[in-house]
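Naming convention: chains lettered A, B, ... in sequence-line order (proteins, then strands); numbering from 1 in each chain. The shown structure was predicted, so the numbers you read here are calculated from the model rather than taken from an experiment.
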Amino acid sequence: MRRTLLEGLLHRPLSEPPPALDAAELEAVAQAVGVAARARLGRSLSIREIDAGSCNGCELEIVALNNAFYDLERFGLRFVASPRHADVLLVTGPVTHNMRAALLRTWEATPDPKWVVAVGACAHDGGEFAGSYACERGVGAVLPVDLFIPGCPPTPVDLLKGLLGLLKLSAPR
Amino acid sequence: MPIFPELRTAVRVETQNPWPRFLVDIASWRLAGAELAAGRWTLLGLWGEADTVHMAVLRGQNEAIGVLSLPCADRRFPALGARHTPAIRLERAAQDLFGLVAEGLPDARPWLDHGAWGVRAPLGRAEPVAEAAAPYPFLPAEGGALHQVAVGPVHAGIIEPGHFRFHADGETVVRLEERFGYTHKGTEALMRGADLARAARLAGRVSGDSTVAFTLAFARAAEAALGLAPPPRAVWLRALMAELERLANHLGDVGAICNDASFAIMNAHCAVLRERVLRAAAVAFGHRLMMDRVAVGGVATDLDATGAAAITAVVAAVRQRFPRLVELYDNTASLQDRVVGTGRLDPALARQFGCGGFVGRASGRDFDARRWPGYPPYGDLRFDVPVRAEGDVNARVWIRIGEIEASLGLIEQLLAGLPAGELRAPAAFGAEAEGVALVEGFRGDILAWVRLNADGTVARCHLRDPSWFHWPVLEAAVDGNIVADFPLCNKSFNCAYSGHDL
Ligand code: SF4
């Protein structure tokens, strides 16, 4: 335990440009998100994630934003447990009919001003599930959507880029 | 001797491969129910069509697999759930989706149908409904000091939606009742009439964390129907992707379980290793989760030297870092205090429900579809299948640790022995055909059954997630634990919501 902790202190943090496929891109997005977040939001934006019937692929990549490579919290962007604490609803899935009421109630519980971000092909227009008896055609069929982040699923870098886009859009309504 | 000597009056359907399907009468259906109830057979799945109900069974200790089909002209069939509890939720779902009535079912409440579809029996006669659904009656629990805790469908964390209703006596859970169906997307209805490529994409979106395993299960069932043999290189590449998927998921799970015991450092380190695996997958196969990379007849993408090097590097990194995390897990008394003895699943229940994967293998059920019935290339590879008997959270963690080691070994063997050659065999159509497959995903065995039309489109496809047999026993495993340990127990099972709700 002590050795693991000590190494953690002495090693370079992973969230510095990792020698990975998208290091340059990640760094650019990360810096831009940081600046815009400070300017618009005083370094703080609380995100509530809602799975409205996704296949869970989108959730895996959203969760990855918290790992040491992306470390979302360094930008002042953080996931909160209750919609009552949230500025942004990050919604995945085509919106199944069985989740429609819960999604609406979560949105109603979120204080204004609030933004809705639809994540993934499903949330955009139903994706592969468009036309099913059990699904809406995406989040826009139920809620006003401010931003769509494409991908199936979007990669963590796509998600970071999308959140940057949101910060640019986010003059309070 | 026939492989199902019990089924004397059954008629074998000649179009199904590789395991037989029998048309049975009510007497044989009941007899099958008795074999299941007596524990001589294990239920692998139960699904329907407009006027037929099917069950897949495993006979004895890995002796044979078969599908039994009961035509129900009057849209009724005798419920297996009357005597065999594991069938109850499957039969409730069959009632919802196909409009068939399971006679004598002890719990006939709707399961996937929340009354929001505007249609009843969508895969059966699909009758429109206008009226709003009645409120769902949860099971009562009576007693002076009991209180209820209702959780979900929207949870506090970034996880899938489902509802948990606890009855607690002080801190102790006296009953947990689950309610699901929130992520039901009507996937099986979308599959009807789809061509193989579209159906494979849908299979790959049943449960995103198991996209390789589900696409593989669908592809193997379709290939069995078509008599199609994918080329050796494709077979090995599929196994490589499947093991990378297992590795990434198990790494994520080990960290997440420790996190739910408030030991965040394990999660931080495991999440880094998981991320490295996903990045290697992206370099090697062009997609972090390897979605749509398995295709009917082979694979959709090749592996080049850069990709192989990325995988080799990540295997080395996990081999170097993970043992120390295991040591940390094993030597942290406060963590051990939370996981040892918590959420114990009785081996008898694991056997009765035919629990697969780490849930079954942590409770003594020694079953792994890679080994039996087995499918290539695993016959050419060496790997251990860890089994333990304690059935607690700790045992489920250790099974994953063992499987991480096994997958690392498999990935090395697969890279070393990767055959050269074609990536895909072309499919030829011509007649109606059926196929069935059992594939080991990271959660356990996935059953795929498909009937193809003569033009190669899907007439009917059923995909059964391992979680169908995990969720019910989680209710039992949580009994007598404190409410605060539920997230820990739940994470150690890590059942699929989308895979279950379909
Ligand atoms: S967009 Fe893709 S990954 Fe996301 S929920 Fe839909 S199918 Fe799954």
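- Proximity to chain A among residues 182-192 of chain B is limited to B:Tyr182, B:Thr183, B:His184, B:Lys185, B:Gly186, B:Thr187, B:Ala189, B:Leu190, judged by heavy-atom separations below 4.5 angstrom.
- Note that CE of A:Met99 is 10.5 Å distant from CG of B:Asp501, once rounded to the nearest 0.5 Å.
- Rounding to the nearest 0.5 angstrom, the gap separating the CG atom in A:Leu65 from the CD1 atom in B:Ile158 is 8.0 Å.
- Considering only residues two or more places apart in sequence or on other chains, B:Ala300 meets the side-chain contact (heavy atoms from CB on, under 4.5 Å) condition with none of them.
- Using a distance-only test at 3.5 Å, with no hydrogens or angles considered, a donor-acceptor pair links the side chain of B:Arg198 to the main chain of A:Glu128.
- Screening residues 244-262 of chain B for salt bridge (Lys or Arg N to Asp or Glu O under 4.0 Å), with sequence neighbours left out, gives B:Glu243-B:Arg246, B:Asp253-B:Arg400.
- For the atom pair CG of B:Asp292 and SG of A:Cys152, the computed distance is 7.0 Å after rounding to the nearest 0.5 Å.
- Residues forming a side chain to side chain donor-acceptor pair (under 3.5 Å) with B:Arg165 (at least two apart in sequence, or on another chain): B:Gln148, B:His163.
- Here the OH atom belonging to B:Tyr497 is positioned 12.0 Å from the OG atom belonging to A:Ser54, to the nearest 0.5 angstrom.
- The most heavy-atom pairs under 4.5 Å with chain A, out of B:Gly115, B:Ala156, B:Ala268, come from B:Ala156.
- Side chains of B:Ser498 and A:Asn56: no donor on one and acceptor on the other come within 3.5 Å.
- Remark: A:Thr155 OG1 to B:Arg288 CZ distance equals 6.5 Å, nearest 0.5 Å.
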Side chain to side chain contact (heavy atoms under 4.5 Å, CB included) evaluation trace for A:Thr96 with B:His114: CA-CA 11 Å; A:Thr96 58; B:His114 294 193; over 6 Å; no
